[in-house]
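Here is how names work: the chains are called A, B, and so on, in the same order as the sequence lines, proteins then strands, and each is numbered from 1.
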Amino acid sequence: MVVGDIATGTEVLVIGAGPGGYVAAIRAAQEGLDTTLVEKDAYGGVCLNRGCIPSKALITGSGLAHEAGNAEFMGVHADPAVDLGKMVEWKDGVVDRLTGGVEKLCKANGVNLVEGTASFVDEHTVRVAHGGEGQGSESIEFEHAIVATGSRPIQIPGLEFEAEHVWTSADALDADVVPDRLGIVGGGYIGMELATTYAKLGADVTVVEMLDDILDPYEDDVKRIVRKRAEELGVEFRFGEGASGWSEGGDGGYLLHAETEAGEESTYGVDKILVAVGRRPVTDGLDLENAGIETDDRGFIETDDRTRTAVEHVHAVGDVAGEPMLAHAASKEGIVAAEVIAGEPAAMDQRAIPAAVFTDPEIGTVGMTEGEAEADGFDPVVGEMPFNASGRAMTTGHTEGFVRIVADEETEFVLGGQIVGPEASELIAEIALAVEMGATLEDVAATVHTHPTLAEAVMEAAENARGQAIHTLNR
Amino acid sequence: MVVGDIATGTEVLVIGAGPGGYVAAIRAAQEGLDTTLVEKDAYGGVCLNRGCIPSKALITGSGLAHEAGNAEFMGVHADPAVDLGKMVEWKDGVVDRLTGGVEKLCKANGVNLVEGTASFVDEHTVRVAHGGEGQGSESIEFEHAIVATGSRPIQIPGLEFEAEHVWTSADALDADVVPDRLGIVGGGYIGMELATTYAKLGADVTVVEMLDDILDPYEDDVKRIVRKRAEELGVEFRFGEGASGWSEGGDGGYLLHAETEAGEESTYGVDKILVAVGRRPVTDGLDLENAGIETDDRGFIETDDRTRTAVEHVHAVGDVAGEPMLAHAASKEGIVAAEVIAGEPAAMDQRAIPAAVFTDPEIGTVGMTEGEAEADGFDPVVGEMPFNASGRAMTTGHTEGFVRIVADEETEFVLGGQIVGPEASELIAEIALAVEMGATLEDVAATVHTHPTLAEAVMEAAENARGQAIHTLNR
Amino acid sequence: GPADESDAPAGRTFAPPSARRLARELGVDIAAVDGSGPGGRVDEADVRAHAEGDADSVGGTDDAGAGSADAPEPKPAPTDVGSGNRTSAVSKRGS
Ligand SMILES: Cc1cc2nc3c(=O)[nH]c(=O)nc-3n(C[C@H](O)[C@H](O)[C@H](O)COP(=O)(O)OP(=O)(O)OC[C@H]3O[C@@H](n4cnc5c(N)ncnc54)[C@H](O)[C@@H]3O)c2cc1C
Ligand SMILES: Cc1cc2nc3c(=O)[nH]c(=O)nc-3n(C[C@H](O)[C@H](O)[C@H](O)COP(=O)(O)OP(=O)(O)OC[C@H]3O[C@@H](n4cnc5c(N)ncnc54)[C@H](O)[C@@H]3O)c2cc1C
C-alpha cells in the first residue's frame, strides 16, 4: 500500500510509530498479519527523534570532551573545545539513520505505512487525516488496533513552552549554543541527564526541584553518588522549591522564580529554562470514546497483562498505557500486543523491567530493592561490591559507585539489582537475565567472569551476599 | 605469623600469589583452613603487576587521547598530548593500590603470608628461601599444597631479553618514552593489545607474525574487524614471517630480522622490539620431582577436574596448569582447589570460560563457536546483530562489529557467543550466564533489555536466531 | 519434593521465560507445578510433566510431578542439550 491510498481494511492497525508502535507493527507483520502503521510526525517517535537517542549522543560528546579535559592524572593533556552546533548535527545524522532504518525495516517486514493523524470513528474504524493542506483523509477498518501514541512534556503554568527561552527536553537537544546559565526545573532522570550534559558543556546549571532530592524513585545511596558528582561538575541544587514563572532579568537574561511550600520566593538568573517535570499521555484528538475506551484520571489508557484495553480487540502500549514510561517497556508491550493478537501465548509476564539513567556515573536497576523485597514478603539478603575495589574500574579512572544484588535468603533466588557506576546501564543486563531465569546467587557467583571487567563486580556482589567475596570483606 | 618466622606446619600451602594463588588462599582461609601463602616477588602476580591491569590502564589512557583527538565529527576539537611517563606513573599507582589490597585481603581473611621462593623437599614439605642476603630459609610442612607459580614470556633465540631494546610485555608496560618505531613479534592477544596501544600513542608499529593472520584462535570475521581497525591506526602486518634476530640499524635504531618459511629474509627498521610469542609455565627451582609431580612435554602440570595433580593432595592452578592461560580461569581454579581441599563438592564443571581481547574494538567470546558446536555434534543455529544497527552504538560513535549467539537448533539452548565491538568484554558476561544457566534463545530474547544499550544487541542476536529480530532483517 | 520446603513467598514461582510461556500455551497454572530445579525452580520439562500429569488424571490434580511413572511419554523434554556430547572446556586442559 502506498501512502495516500484509500485503505479499506487491515487486520492490525497500529497508531504511532514510536518504540511501542513500530515494534508492534513489525512483530505483527512477522506473525503474518496484514498490518498498517499510522504515524503523524516522525518514525521512531519521541525516543529516536527527541528522547533516548539524541540525549545519549550529546551525553557521549559532552562526556568525551569533559573526560579528555580532565585526564592529566593519567598523563593525557588536552583542552577540548566543543562546537555544540556541530555536535547536534552529528546527533541529527544518527537520528536520521535510525529513523530511516525504522521505515525500511517496517517496509521490509511488509508493514503498510500511512502518514497522518488517526482518530477513532467507531470500534472498528479510524479516520486518518493526512498532513498538509488539501491532503484529505481516509478511513481504515481494522480487526485489531494497537494504540501507541506516546507522551508529551508536562507544562507548568507560568513557564509555558511558547517563550523561546523556556525549553522542553527536545529544545535542549537541539540547541546550537550553550547557554551561560541554564535553569532546570525538575531533578528526574531527564533533568539530571541534561544537567550533567550542560554542566560538562560549560553552562552554570541550577536545578530546582520540589522534592528534597533528585531521582525520586531511587535509593538514597544511589542518589547520593549521582548528586555529589553533579555538584562536583558545578550543578547547584535548590530542593523543596517549586518553579512558578519567569521574568526579564535586565542583563539580557531572565529570572527563574521558585517558591517553597511555606511561600518563600527565590529567583535565579538564567539564560534558558528547561522544564522537565514529567510527561503525560497523548490521547487528545484520538476520539477514544468512539471506540468505547476510557482513560484514567491521569489520562492513561488502562490495560491488562495482555496489553488489552477494556475493549478486547484494542490494545494500548507504551507511554500512553502508563508506567514505566520507558522505550524498552513500550517495545516489549508492542511485541506482546502483536503476539496476543496473533493468538500466541504471550503476556507481560516478565519479572522485571530494567531502567537506566545516563548520568555520571550511570544508574542501572532491575527488579526489587532490598526494601521492596521485604515489603513483598521475602527475607532478603544483599551483597555489594564497590567499584573502588574493582581492578577494571581503577584502570578506567572511574571508581565511583557499586553493584548491589538482592536475593531471597533461603532460596538464594536473585530478586533484583542496583548498580551505580561506570557502564551501569550495560551491566544491569546480566542481573536482568538472572532475575528472569530464576538464577540463584550461586549461579551468578559460579559463572566465570572475564578479568578484568566491570562485570566481575556482579559476581563479587553475589559472592558477598553469600559471605564468600574474595575482593571485599564479607559482612 | 610474621614474615621470617619458622613455620612448622600449615593445612594448606599455596605457592605463588597471582590470581590463582591468592584467590585460592583466601577461599581456603574462608573455609576455615589454616593457610599459608608463599610469594617470592609481588602480590597479585603477573596479572596485577605486569599483565592484565597495567595493560588495561595504558589501553584506557591511549584510547582516551586517541578518541578525543579524532572526535571532530561529533563537534569535539582537541589535540591531546600524552606524557607516557606520567601515564605509567598513574598505572603504577593503580597497581600499588590493587596489590596492597590483595595483601590486606589475605591478612583480613587470616592467610599467613610468607615472602620467599618455595621448593619442594618432599611430598609434605617445602623449603622457602627468603630473598636477600643472609635471610636464610625455613621449612614448612603442609597437608595440602596448591602450586600457582604462573608463567613467563617465551624467549626467541636471537631476540634475547637481555638487550635493552628487546622488550617483554612487562617492559612495554613500563616505558616512559614512546618509541618512534616499534616492532612487535607475535600477533596474539598480548601483541595486538600493545600494538593498538602504541599505535594510538603515535608509534609506527610493525607486527611480524609467523601465521597468516592475527589472533589465531578467533574466527575469521572477528579477526578481520580488529585487523582492519589496527591497519587504520597505522599498524603494518607482516604475516608468514618468523622473527630471527636483530642487528644495529646505523641510524641509532635497529633492524628486526624476519624470514619466511621459504627462507626469504626481510629487515624492518625499529627502535624497540617487543617479543610476545606466548608464555611458558614457571616450574624451575620448584623441585617438583621431590613431591613426585611430573610436567608434560610443554612443562605444564597436568590436573584433573578437581585441580588435583597426580599426587592427590597437591593441586595446581592457573597458568602453570595449562590452557586457558587467563587470570579468571586461574582464580576459578584457585577457588575449586580450596573448596575441594575443604571437602566441598566443587569441580571445574563450568560450561565455558569467557575470554576477552582489549583491542579496538574489543573481542569477547564464551562457549562454542558455530563450528565447534557442529564438531561437538550439535545442530547449531546462529543469530547476529551488527552494531551498526544499534542505536546505542551509533550514539557512542563506535559501530564496528557484531554480537553473535550460537544455540542448539532443536532445544534452543545457548551454547556460546562471539562479540566484537564496543564493550565486548563486558557484554559477554550475559551470554556466559546464559550458557551456564542453560538458558534458551527464547529466555534471552524475552528478557527485557534497557534501551538504549549495547546489551540490546545480545537480545537482538537471540531474536535473529529465532527469525524474530526487530532491528535487523532475519535470515 | 524440594519445592515444598523452599517455596518463595509472595506466591512467586521461579521459572525462566520459556517455561512461563509454555505453561500458558499448555494451559498450566505455573504456580501449581513442582519445580525440579534448585529452590524449586520450574523448567520446561517440569511444566510438560505437569501438563501430562493433568491430562492423565481426571479432575486435574497437581500432584503428578515430574517422576509420575505412568504418565504418557511427554514430548522429548530438553533436560540436556541436544544430541551433542557436551563436555566442560576445562576438562581438556593439560593434555
Ligand atoms: C529527553 C528524553 C530522554 C529519554 N531517554 C530515555 C532512555 O534513555 N531510555 C528509555 O527507555 N526511555 C527514554 N525516554 C522515554 C522514551 O522516549 C519513551 O518512553 C518512549 O518514546 C515511549 O514510546 P511510545 O512508542 O510509547 O511513544 P512515543 O515515542 O511518544 O511515540 C508516539 C508516536 O505516536 C505518534 N502519534 C501520536 N498521536 C498520533 C495520532 N493520533 N496519529 C498518528 N500518530 C500519532 C507520535 O507522533 C509519535 O511518533 C526519554 C524521553 C525523553 C523525553
Ligand atoms: C601483558 C599481559 C596482559 C594480560 N592480560 C590479561 C587479561 O586482560 N585478562 C586475563 O585474563 N589474563 C591476562 N593475562 C594473563 C594473566 O596475567 C595470567 O593468566 C595470570 O596472571 C595467571 O595467574 P597465575 O596465578 O597462574 O600466575 P601469575 O600471575 O604468573 O603469578 C604467579 C606468582 O607466583 C610467584 N612464584 C613463582 N614461583 C614461585 C616460587 N617458587 N615461590 C614463590 N612464589 C613463586 C610469582 O612471583 C608470581 O607472583 C595477561 C598477561 C600479560 C603478560
Side-chain angles (χ1 to χ4, degrees), chain A residues 23 26 30 52-53 56-57 60-61 64-65 67-68 71 73-78 80-84 86-87 90 94 97-98 108 327-328 332 350 353-354 356 391 394-397 423 425-430 432-434 436-437 439 443 447-455 468 470 473, chain B residues 23 26 30 52-53 56-57 60-61 64-65 67-68 71 73-78 80-84 86-87 90 94 97-98 108 327-328 332 350 353-354 356 391 394-397 423 425-430 432-434 436-437 439 443 447-455 468 470 473:
Chain A
V23 169
I26 290 176
Q30 287 172 344
C52 329
I53 294 298
K56 268 80 253 183
T60 296
L64 174 59
E67 181 146 10
F73 73 94
M74 56 166 79
V76 176
H77 301 265
V82 170
D83 176 346
L84 182 57
K86 177 83 198 182
M87 194 178 287
W90 164 64
V94 168
R97 253 180 303 155
L98 280 166
H328 43 287
K332 178 72 176 181
Q350 70 291 320
I353 293 185
M394 287 188 203
T395 64
T396 67
E423 303 298 343
S425 63
E426 304 292 350
L427 300 177
I428 202 66
E430 184 189 353
L433 184 67
E436 292 296 339
M437 287 298 299
D443 291 329
T447 296
V448 181
H449 284 65
T450 319
H451 183 74
T453 57
L454 301 164
Q468 297 199 315
I470 298 288
L473 291 181
Chain B
V23 169
I26 291 176
Q30 287 173 343
C52 328
I53 293 297
K56 269 80 254 183
T60 296
L64 174 58
E67 182 146 9
F73 73 95
M74 55 168 78
V76 177
H77 301 266
V82 171
D83 176 345
L84 182 57
K86 179 87 196 177
M87 195 178 285
W90 164 65
V94 168
R97 253 181 301 154
L98 280 166
H328 43 286
K332 178 70 175 184
Q350 68 289 325
I353 293 187
M394 286 187 204
T395 64
T396 67
E423 304 297 343
S425 63
E426 304 293 350
L427 300 178
I428 202 68
E430 184 189 354
L433 184 67
E436 291 296 340
M437 287 297 300
D443 292 329
T447 295
V448 180
H449 284 65
T450 318
H451 183 74
T453 58
L454 300 164
Q468 297 199 314
I470 298 289
L473 291 181

Can you check whether A81(A)'s main-chain N or O pairs, donor with acceptor, with H77(B)'s side chain at less than 3.5 Å?
no

Which residue out of V94(B), I470(B), I53(B), L98(B) racks up the most heavy-atom pairs below 4.5 Å with chain A?
I470(B)

Looking only at heavy atoms, which two atoms of W90(A) and F73(B) are closest? And how far apart?
CB-O, 3.3 Å

Given G391(B), P452(B), A78(B), A65(B), the one with more heavy-atom pairs under 4.5 angstrom with chain A than any other is P452(B)

Between L84(B) and chain A, which part of the residue has a heavy atom less than 4.5 Å away: side chain, backbone, both or neither?
neither

Considering only heavy atoms, which portion of K56(B) lies under 4.5 Å from any heavy atom of chain A: side chain, backbone, both, or neither?
both

Any heavy-atom pair between the side chains of H449(A) and H328(B) that's under 4.5 Å?
no

If you count heavy-atom pairs within less than 4.5 Å of chain B, which of V76(A), I26(A), T450(A), T447(A) leads?
T450(A)

Which pair of non-hydrogen atoms, one from P80(B) and one from A68(B), has the smallest distance, and what is that distance?
CG-CB, 4.0 Å

Under a 4.5 Å cut-off applied to non-hydrogen side-chain atoms, are E436(B) and D443(A) in contact?
no

Quick one: of L427(A), V23(A), L433(A), who has the most non-hydrogen atom pairs under 4.5 Å with chain B?
L433(A)

Could you tell me which of M74(A), M437(A), R97(A), Q350(A) has the largest number of non-hydrogen atom pairs under 4.5 Å with chain B?
M74(A)

Quick check on the interface: out of I428(A), I353(A), T396(A), who has the most heavy-atom pairs with chain B under 4.5 Å?
T396(A)

Under a 4.5 Å cutoff for heavy-atom pairs, which residue among E67(A), K86(A), M87(A), Q468(A) has the most contacts with chain B?
Q468(A)

Looking only at heavy atoms, the pair that brings A455(A) and E426(B) closest together is N-OE1, 2.8 Å

Side chain, backbone, both or neither: which part of Q30(B) has an atom under 4.5 Å from a heavy atom of chain A?
side chain

Under 4.5 Å from any heavy atom of chain A, what part of E423(B) do you find: side chain, backbone, both or neither?
side chain

CG on L64(A) to OG1 on T60(A), rounded to 0.5 Å
8.5 Å

Any idea which of A71(A), A439(A), P354(A) has the most non-hydrogen atom pairs under 4.5 angstrom with chain B?
P354(A)

